[in-house]
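Read the structure below first, then the notes.
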Amino acid sequence: MRQKTLEEFCKQSVERGGYENKISENAALELEDEDEAYVTGISEAANIAPDNLPPSYLVSVGYDGSRGVAYVKLFEPTSQRIYLWHDNTGHKPYLLTNIPVEELKKVDRIAQYPGLDHFEVVEKYDALFDRVIRVTKVVAKDPLAIGGKPKGSLRDVIPEVFSATFGKNEEVKVWEASIKYYQCYIYDRGLQPGMLYTIKGGELTPYFHEETERNVDKIVKHLSEDTPSDLLPYLETWVRLLEYPAPKMRRAALDIEVYSPVATRVPDPEEASQPVICASLVDSDGRKRVLLLKREGVEEGDLNLPPDVTIEFYDSEKDLIKSIFNALDEYPFVITFNGDDFDLNYLYHRAKNLGFSKSDIPIEKGQKICLLRYSVHIDLYRFFLNKSIQIYAFGQKYRNVTLDEVARALLGKSKITLTKPFSELSYGDLARYCLNDAKITMELTSYNNDLVMKLLLILARISRMPMEDVSRQGVSKWIRSFMYYEHRRRNMLIPNSEDIIAARGTTVTKAIIKGKKYMGAIVVKPVPGVHFNIAVMDFQSLYPSIIKVYNLGYQTVRCVHEECKDNLVPETTHWVCKKHRALESALIGSLRDLRVKWYKPKSKDKSLQADQREWYNVIQSALKVILNASYGVFGAEIFDLYCPPAAEATAAIGRNIITLTIRKARELGIDVIYGDTDSLFLKNPSPEKIKELSEWAEKVLGMELDIDKYYRYAVFSYRKKNYLGVLDDGSVDVKGLTGKKRHMPLFIKRYFDIIEDILSRVKTPGEFEIAKKDIEGIIRECYTKLKNREWGDINDLAFEVVLGKPPEAYTKTTPQHVKAALMLQVRGIELKAGDTIRFVKTIREPFVKPVQLASSKEIDVDKYISYLRSTFDQILDALNLEFDEIVGLTRLERFM
DNA sequence: GCGGACTGCTTACCT
DNA sequence: ACAGGTAAGCAGTCCGCG
């Protein structure tokens, strides 16, 4: 019998659109006419996964407190529904300790502990000391007995009881007691979030798709030649996780508006004292609903919304909220922008205030998050706030994480600007505003062929985390999670952070920057001037490569074996194990190889179909996000496998590699113009020389050194991290130059852009001389305009600087933007960390003013001219031009 | 009391 | 709440100065 292809699943789901639940959906629609008791959402029984459930994606795992077991959420792509499956294997939470069972049994506080289940003796591999140890597994009836109770869970009680008596010879140890129970469940059962499962005889059973499996084999085989053989099993695991396609994920975006008596105040969701007056639901099938609360004295306004929008009026707020709740139960995925903090939080408390019973509220409120009982809630605010996502997945396209700015950057759409407070809006205006928010929220998950949803799925797979968690947590948690998973898979003890520090010590090099822990990368002093024909070479993911090739990890750096101590890391006193492969090295190394050798090339492979290429591009971006952070986490205290010597060794080897490579290049007679961390800028190298250098790197260093790009020419001053390069197609890379920085006044930026444009047209050294004259002219023009105070809009002179903390928190110094911020605050404008302050330079104390308060007369022209000078000097230096000479001419001219 | 040399703080950037 | 290195500008401090 032929299996359906996964694409067929997905297509089918689109066609049938998940309309299997017509009954409850209609019930929700008919609410208005019902006088009866509320129709509740789907009953839980309807959501229990039946036997032989069609292949379904495991999207979430949690703990059901009332049943005292773990549960999983399975997303069935044909019906587009979520099914729940509760654990029936008897898995229980536990911790590990070095206190023997007999000792534990002697103490009533432990032996009689209410939540205690039983003790076991287990063996674990202790990677820090390369030995197998016997530890006690303390098994509990519920997760709170292990950790998290304010009064003292077992993880606190055990050290408390034994530290006095036991502490003389050996320290009391408790391990693995701070892992969330549902993560523990994922690890122990080897579950793969984001992958396919079915239910067989009541058991949660992985589902393998033959065609995809064959594909996995093919890819692994293809890559097996140049992968170290011990990494092959890792490669295969990753490839399987990445190759299974993503389903179509039916979802609704929700946005609510709340009445507010004070126009400038957003009502506090914890109090929820004001009514919900509007809600919008926009779903992935294009359905759009606006739910409005009827209120006294509200104008109708223009209620002519597009024909695909359904407007529903509710006499009672309770009915309106009930209607929202029904939808929340229906959709497998619910999308919000800041729903954790506001929308769902507000609805939760508002429903409670209105007397909803617990079972009528589908929202499960945590400390800082809001989850849903039968769906997966994705709060896009949390996801887009993630720095790694912001930088590496979206290339810094947005800066501030607001719905408006993210939507502008990614979709080219924006929020509707309101001229009146919510309380004064007509139904029509309110509906339009709210609907627009829900629409762009939805679109943030659907643009680029559901990029964001696919990214979340892939990240859930790699990290082994529920989709809810992966969307809310940072990259260090993702990395920790897949590393913990691997510990459990290999029956390795997960060390405590202090165990790693105690066993491996700290760093031995001195950082260049005060306050940093160890020395980082090398930046080569550039050769100033204009250089034609520059080849930029770089090492493909240098740090992950080093971790792979040099076997770095907490287990291997400064290992316990005498015989490894001669395997030294350059410039340090650290050595690396020669006997065992570090877990980090295996996991990160295999991920790196996959990205470099498979997913990145495939994402650009024109012989593939567009949607396949797109899918591979999602995968390679996800890998990029993780790989980019993989070295950093070693050196981050907040990372649970923090290992400073491992981070230091990575950077030290990196310095060694770039240094050796520069030396080799020079030996080959190539001029190295510049280099930073993992890159080399080579002047006019012949293809043969490039090849030779690359082969040398491969052979001697075991590193892949490739051409990244060619610059027609590049402009360097003496400054590091500061250059301009013109590519063959005339596009320009500007790196680090002040004229491009975010905070610079638009007036200066505009002239900088003109110069950039002039430079982009230069093709030959000859053309350069003409360009120079043009540049001089532009600078003169800019200077004259300033001198004559002809800047037009004063806003164009504003510096835009972001507050790193609230204005009051600057105690050591008061920078200029803070001075301006304080002036605004005096006027009753509240400011917080992350707000951008727009200010101009003025002639009188304190020499700054927020633009809003400044007039053109008080502008300090000389200050701006000195900024002009320093900004353009970065380019003029390289062109052998002098700012003063250029503008001096004009002064002469003016006197003549 | 004031200017110059210096250090420190802060932001924005690069890899 | 991944790392360190660099540029730039301003704030604040110290020291010398008969």
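Lettering follows sequence order; numbering is per chain, from 1.
Within the structure, every side-chain polar atom (N or O) of A:Y674 is placed at least 4.0 Å from both OP1 and OP2 of C:dT6. Dashed line: the shortest gap from a side-chain N or O of A:R719 to OP1 or OP2 of C:dA8 is under 4.0 Å. For C:dA8, the OP1/OP2 oxygens have a side-chain nitrogen or oxygen of A:Q874 closer than 4.0 Å. Between A:K741 and B:dA12 there is no side-chain polar atom (N or O) within less than 4.0 angstrom of OP1 or OP2. For C:dT6, the OP1/OP2 oxygens have a side-chain nitrogen or oxygen of A:K720 closer than 4.0 Å. For C:dC10, the OP1/OP2 oxygens have a side-chain nitrogen or oxygen of A:K863 closer than 4.0 Å. The side chain of A:H817 contributes no N or O atom lying less than 4.0 Å from OP1 or OP2 of B:dT10. Contact annotation: A:R399 does not reach the phosphate of B:dT11 (side-chain N/O to OP1 or OP2, under 4.0 Å). Between C:dC2 and A:S388, no contact under 4.0 Å exists linking OP1 or OP2 to a side-chain N or O. Residue A:K735 has a polar side-chain atom (N or O) positioned under 4.0 Å from OP1 or OP2 of B:dT15. The phosphate of C:dC10 (OP1 or OP2) has a side-chain N or O of A:K841 nearer than 4.0 angstrom. One finds no side-chain N or O of A:T677 lying less than 4.0 angstrom from the OP1 or OP2 phosphate oxygen of C:dG5.
Figure legend: A:K525 and A:Y674 shown without cation-pi pairing, the cationic atom not lying both under 6.0 angstrom from the six-membered ring centre and within 45 degrees of its axis.
Within the nucleic acid shown, A:Y867 comes within 4.0 Å of sugar-phosphate atoms alone, with no base atom in reach, counting heavy atoms only. Contact annotation for A:E637: no contact, since no heavy-atom pair falls under 4.0 Å across all strands. If you check every strand for non-hydrogen atoms under 4.0 Å, A:G632 touches a base. Using a 4.0 Å heavy-atom cutoff across all strands shown, A:Y723 reaches sugar-phosphate atoms only and no base atom. Backbone-only contact: A:V802 has heavy atoms under 4.0 Å from sugar-phosphate atoms and none from a base.
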Where protein sits on nucleotides 4-9 of chain B, one letter per nucleotide: B base, S sugar-phosphate only, - none, heavy atoms under 4.0 Å: ----SS
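Distance from the side chain of A:Y631 is smallest for C:dA3 among the nucleotides C:dA11, C:dA3, C:dT6. Distances from the side chain of A:V801 to the nucleotides B:dT11, B:dT15, C:dG5 place B:dT11 closest. If you check C:dC2, B:dT15, B:dC13 against the side chain of A:A629, the one that comes closest is C:dC2.
Taking the six-membered ring for Trp and thresholds of 30 and 60 degrees, A:F681 and A:F716 have ring planes more than 60 degrees apart, a perpendicular arrangement.
Checked by atom type and distance alone, the side chain of A:E800 never pairs as donor or acceptor with a backbone atom of A:I837 at under 3.5 Å.
A:K721 has its NZ atom 7 Å from the P atom of C:dT6, to the nearest Å. For the pair A:Y392 OH and C:dC2 C1', the computed distance is 8 Å after rounding to whole Å.
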